[in-house]
Amino acid sequence: MSKSPIDMLSERLTRKLAGFSSRRSFIARLGMALAAAPVLPLLPVARASAADAPKTDFERNAQATDATKCNYWKYCGADGVLCSCCGGGSHTCPPGAEPSPISWIGTCLNPQDHRAYVIAYRDCCGKPACSAGKSCWCDGADRELPTYRSPLNNDIIWCFGNASATYHCSTAAMVGLAN
Amino acid sequence: MSKSPIDMLSERLTRKLAGFSSRRSFIARLGMALAAAPVLPLLPVARASAADAPKTDFERNAQATDATKCNYWKYCGADGVLCSCCGGGSHTCPPGAEPSPISWIGTCLNPQDHRAYVIAYRDCCGKPACSAGKSCWCDGADRELPTYRSPLNNDIIWCFGNASATYHCSTAAMVGLAN
Amino acid sequence: MLRAALNNALVLTSLASTSLLGLPCLAAGVTAEVSDVATLTPNTPHRFFTGGFREPGFIIFDGDSGKMEGSIPAGYIANLAIAPDNSQFYVAETYWAHGARGKRDDMVTIYDAKTLNLVKEIMLPGRALVSRKQNFDINAAGSRAYVYIMLPVASVVWVDLKKQSVGGTVEIPGCAQVFPWGEQGFSSLCGDGSLASVTVPASGPAKVTHTKPFFDANSDPIFDDGFVDRATGKAIFFSYTGLVYEAKLGPESTISAPWSIQKAAGYAAAGTGVQELAWRPGGAQLAAFHKASGKLFVLMHPGNFWTHKHGGTEVWVLDTKTHALVSRFPLRAVPSSGLGDDAIPYYMNIGVSQDAKPLLYLLNDQGNDVVMDATTGEQLRKIEFAAGNNISVPGY
Amino acid sequence: MLRAALNNALVLTSLASTSLLGLPCLAAGVTAEVSDVATLTPNTPHRFFTGGFREPGFIIFDGDSGKMEGSIPAGYIANLAIAPDNSQFYVAETYWAHGARGKRDDMVTIYDAKTLNLVKEIMLPGRALVSRKQNFDINAAGSRAYVYIMLPVASVVWVDLKKQSVGGTVEIPGCAQVFPWGEQGFSSLCGDGSLASVTVPASGPAKVTHTKPFFDANSDPIFDDGFVDRATGKAIFFSYTGLVYEAKLGPESTISAPWSIQKAAGYAAAGTGVQELAWRPGGAQLAAFHKASGKLFVLMHPGNFWTHKHGGTEVWVLDTKTHALVSRFPLRAVPSSGLGDDAIPYYMNIGVSQDAKPLLYLLNDQGNDVVMDATTGEQLRKIEFAAGNNISVPGY
């Protein structure tokens with residue numbers, strides 16, 4: 001069976017996750033069906049429990065009421081223009097854009113329940129960059145790493161696998177509860 | 001002999017100049033050799049002599065010292081970003097851009113000798129729009145007419161006949177003395 | 001090491017993953033968020049669209065909230081038209097394959113109004129590159145689009161929007177703009193001071209008529225931005241000095257004698273003196289027309305002749321049925337950038353919604369864009385992010 | 001009518017026209033202006049180049065006057081490299097034929113440095129789309145360019161600049177960036193904390209070596225923006241906490257033990273605490289290196305860990321030979337837009353000229369861009385129109 005570029009990218013990223021071990025089949029197999037996930041899985045993300053961990057600057061200033069602001073809690077690792085300013089929502093692409101099937105992932109603290117959630121940062125792709133103003137251009141960097149750790153970097157245009165790799169805006173979907 | 005699009009455009013514009021008469025060969029033949037013109041011809045442009053004519057707002061505020069400002073005297077009919085802000089000059093395209101062989105023409109009053117000169121407004125073409133700031137975006141409108149008088153309109157991208165019709169910036173070349 | 005790596009790692013996860021991972025599902029009932037795509041709600045009367053020379057598309061705003069609702073991609077110096085049934089958007093646009101170089105493609109692009117997905121690129125033989133004008137429009141039935149092109153001669157390409165293909169090209173030497181009327185016609189303004197009216201049958205030659213010259217294109221030209229009610233053919237044109245011409249467009253168009261905006265306001269009619277101070281129309285998209293009421297909204301400023309591109313310091317509201325001034329709305333002057341010497345940064349563009357409680361939209365190039373009540377002139381809100389030199393509204 | 005039409009009409013005129021028209025030449029000796037095209041003067045040490053995500057090119061500035069000297073067109077998220085002999089510019093860029101859709105072309109485009117005319121588009125098999133990083137560079141001889149690509153696996157495409165064609169592709173799984181050395185080599189930083197060094201012969205397989213892991217990519221990663229003297233292979237890397245690593249790049253690269261920026265300034269070394277306040281490096285292109293003197297200029301701000309993208313409020317000047325702090329230049333805080341809540345609009349980008357009287361260039365996203373004396377920290381002038389997230393200088 002030949003491999004699609006997406007399969008190969010998933011494998012590569014999986015190799016990175018697994019420390020170049022052979023565990024790559026594990027996540028690669030999980031990769032394709034996120035859109036159907038209805039209940040939050042508990043993910044094995046290393047993070048001290050929220051109650052006793054010191055908070056990052058972002059976490060101390062985060063709010064949970066206005067998703068069009070850079071300090072909305074899910075954007076702790078978001079880099080780019082918020083889709084919620086562009087006709088979309090915090091996890092919704094504006095009309096005519098397409099969510100990237102691949103994303104990078106962060107963990108953010110919800111100030112309402114003081115729990116840490118796993119956030120999938122998916123770019124919306126295939127349209128010119130959204131023209132929203134400067135207040136919607138965010139640069140969250142909590143636990144963000146350089147490009148040689150590509151699955152953890154937010155400077156990369158995460159539009160792999162889309163019909164067009166042009167960046168339109170950034171979303172943040174809550175996909176799990178950090179353990 | 002087949003006609004190039006440029007020839008045909010020149011003819012069309014000439015027809016307009018000549019009031020749809022058959023005089024089109026006259027200017028069409030003149031059209032291609034401007035770059036060699038060393039001495040100012042006296043052109044039959046209808047304009048009262050400068051000394052006794054009332055001045056337009058532009059003419060009252062015009063200066064002859066700084067070609068990077070919108071009120072430089074030759075820009076009385078210039079619309080767009082000044083090439084003199086972009087690495088070019090008042091009649092010089094920035095490196096890598098190309099002057100349009102076709103232009104529209106205005107008459108501007110030189111505040112130094114109080115004489116009216118014929119100005120050829122040639123766009124520089126083939127590069128993305130110059131990124132100079134707002135102070136270099138000008139909108140001179142002296143004697144500017146709507147697009148149905150296309151030879152006298154400055155909203156048209158005057159990049160006909162260039163390899164690429166993209167607009168980079170605007171120049172103003174003094175080509176004659178108004179009679 | 002794996003645990004550390006998973007701290008903020010890329011994980012493509014799914015419901016299935018919980019069992020594969022052998023981890024418990026959350027009983028709390030919190031559900032994972034799905035990455036989805038919004039659809040655009042149907043056009044409302046208070047929706048408006050802005051675009052411009054440097055903008056990579058037309059931004060869709062809700063005039064009641066000032067919020068962006070989406071955007072329609074667009075190429076070089078693009079025009080927008082809205083299907084009369086609000087089902088599609090049409091963009092006349094130009095691209096070069098490698099930015100400012102490479103293969104040039106001119107096209108009318110069709111977008112679905114709900115998904116904003118691309119429906120079709122209809123390739124054109126050419127396209128005039130002119131900053132926003134009445135040089136692209138569709139007819140009232142939504143069956144045809146008309147595109148003004150300049151090379152090799154002034155012409156109009158008509159596009160069959162049902163077949164999604166170019167129908168043909170008609171030469172209109174010395175004329176420009178497209179004011180559609182009927183199923184098969186459009187009119188254009190001409191440099192000899194006449195109006196050309198063109199009937200373009202689905203096949204066979206077009207028929208062109210000209211009115212007698214009714215304005216002097218050299219001394220007091222009519223602005224490119226007239227208004228036509230495409231269903232009735234009733235049209236409004238206005239000139240640099242402020243004369244308003246009413247027309248009935250059709251195979252044989254007729255024009256009424258003009259009236260003066262300034263006289264309607266109690267002033268003398270404005271002349272063409274370069275030092276004749278008067279209230280004058282000026283700007284880029286310098287007027288808007290409310291079809292149902294017949295009200296014309298014009299950006300006006302005090303100035304001499306040849307200030308027709310100066311922005312407005314007031315909006316004058318004129319009743320085109322009675323030729324009377326209804327209101328004058330003063331506009332707040334916009335601070336200049338402080339860098340230049342020109343006096344232009346007043347409001348350059350105006351649009352009006354077409355409903356019974358109309359809103360006015362005002363743009364300038366400094367970003368101080370506002371929504372006003374078109375009846376009272378009250379400034380209702382700032383428009384977030386709006387820029388450009390182009391306002392479109394549904395229902396016009 | 002002809003006379004009136006010629007008032008401001010399009011006239012293509014020439015010397016010949018005077019006799020054809022039968023009109024007298026001016027005796028005054030005033031000459032008609034010729035429409036010509038400027039050429040770019042050869043690169044000077046105080047020239048610099050800016051570009052960015054939204055900019056349609058790299059703008060060429062004279063650091064001594066602050067004036068724009070020209071521009072190099074560029075596509076999507078482009079990188080710029082300057083030929084060591086200053087004869088050409090190289091742009092790594094991506095286009096889609098119809099704006100954000102249509103055929104994608106990735107390329108290295110060559111421009112002549114005098115005319116800024118296009119010399120060649122060298123098509124690439126792909127290209128990583130990442131905001132400005134050390135992911136495109138050429139070697140000291142100017143014979144090769146290296147382009148980082150990500151799909152399907154992390155790789156580097158090398159381009160033969162003499163033949164103007166792609167030479168080949170080398171996979172570097174888990175690594176990124178290109179730091180060229182020698183005629184045929186480059187190094188990359190890797191996610192396992194090692195440095196990969198790749199020798200790419202003109203033909204035959206590439207040889208890849210890895211250092212032992214020398215940093216922890218999870219807890220204190222090295223920034224993407226290291227510096228290599230491509231002629232000597234001497235390199236400088238620095239980490240989120242402010243550790244500086246010196247390396248000798250080559251087929252078997254070596255790394256020295258790190259030293260702390262903060263300790264050089266008399267503070268404790270900074271740690272990784274999310275509430276551990278310290279002076280920290282941060283920004284986008286957050287440091288600049290002056291090769292001849294070995295001085296490192298770093299944008300620093302007071303903050304906790306994970307503020308590595310916050311802009312600088314000071315420039316720290318460090319001597320990489322003595323590991324000593326030379327100077328601290330306070331930066332004027334830039335007013336925020338007033339619209340947002342984030343605290344980032346400090347200086348995000350820094351560059352330094354490579355001559356004996358170096359200038360510092362500082363950019364932010366608010367347009368308050370300045371030129372400073374790199375020796376005294378004196379603010380010399382504002383940079384007109386400069387924008388973007390990308391500064392390049394000749395001679396680096």
Side-chain angles (χ1 to χ4, degrees), chain A residues 10 13 16-19 23 26-27 29-47 77 85-89 91-99 102-107 118 120 122 127-133 143-145 151-152 171 173-177, chain C residues 1-21 23-41 50 55-57 59-62 67-74 111-118 367 384-388:
Chain A
S10 293
L13 296 172
K16 294 166 84 57
L17 285 177
R23 301 184 49 168
F26 146 153
I27 295 176
R29 261 185 281 128
L30 309 184
M32 297 301 125
L34 174 62
V39 176
L40 276 193
L42 192 65
L43 295 175
V45 175
R47 196 181 192 291
C85 295
C86 306
H91 59 90
T92 302
C93 291
E98 184 186 29
I102 297 177
S103 70
W104 77 285
I105 278 196
T107 51
V118 179
R122 294 198 182 87
K127 296 185 75 164
C130 166
S131 293
R143 294 170 284 278
E144 192 262 359
L145 299 184
L152 308 107
T171 66
M174 190 173 64
V175 296
L177 192 60
Chain C
M1 182 72 187
L2 173 60
R3 192 174 171 83
L6 276 169
N7 182 3
N8 281 26
L10 176 144
V11 180
L12 296 167
T13 185
S14 71
L15 177 61
S17 70
T18 54
S19 54
L20 277 168
L21 287 164
L23 296 168
C25 289
L26 266 185
V30 184
T31 55
E33 290 172 339
V34 172
S35 288
D36 51 9
V37 181
T39 53
L40 192 65
T41 56
T50 70
E55 295 300 308
I59 314 301
I60 307 169
F61 289 99
D62 173 11
K67 301 291 184 195
M68 187 187 301
E69 298 187 293
S71 59
I72 306 167
Y111 289 94
D112 180 82
K114 182 179 179 186
T115 63
L116 293 185
N117 288 337
L118 178 73
E384 289 190 82
F385 324 139

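Everything numeric here is computed off the predicted structure, so don't read it as measured data. Chain letters run A, B, ... following the sequence lines, proteins first, then strands; residues in each count from 1.
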Backbone N/O of S71(C) and side chain of K127(A): donor-acceptor pair under 3.5 Å: yes
Engaged part of T39(C) at the chain A interface, taking heavy atoms whose separation is under 4.5 Å: backbone
R143(A) side chain vs G106(A) backbone, donor-acceptor pair below 3.5 Å: no
Interatomic spacing from CH2 in W104(A) to CG in L152(A) - rounded to 0.5 Å: 7.0 Å
Atom group of L40(C) that falls short of 4.5 Å from chain A, counting heavy atoms: both
Residue, of P94(A), C86(A), A97(A), that accumulates the most heavy atom pairs under 4.5 Å with chain C: C86(A)
Side-chain donor or acceptor of E33(C) paired with backbone N/O of M174(A) under 3.5 Å: yes
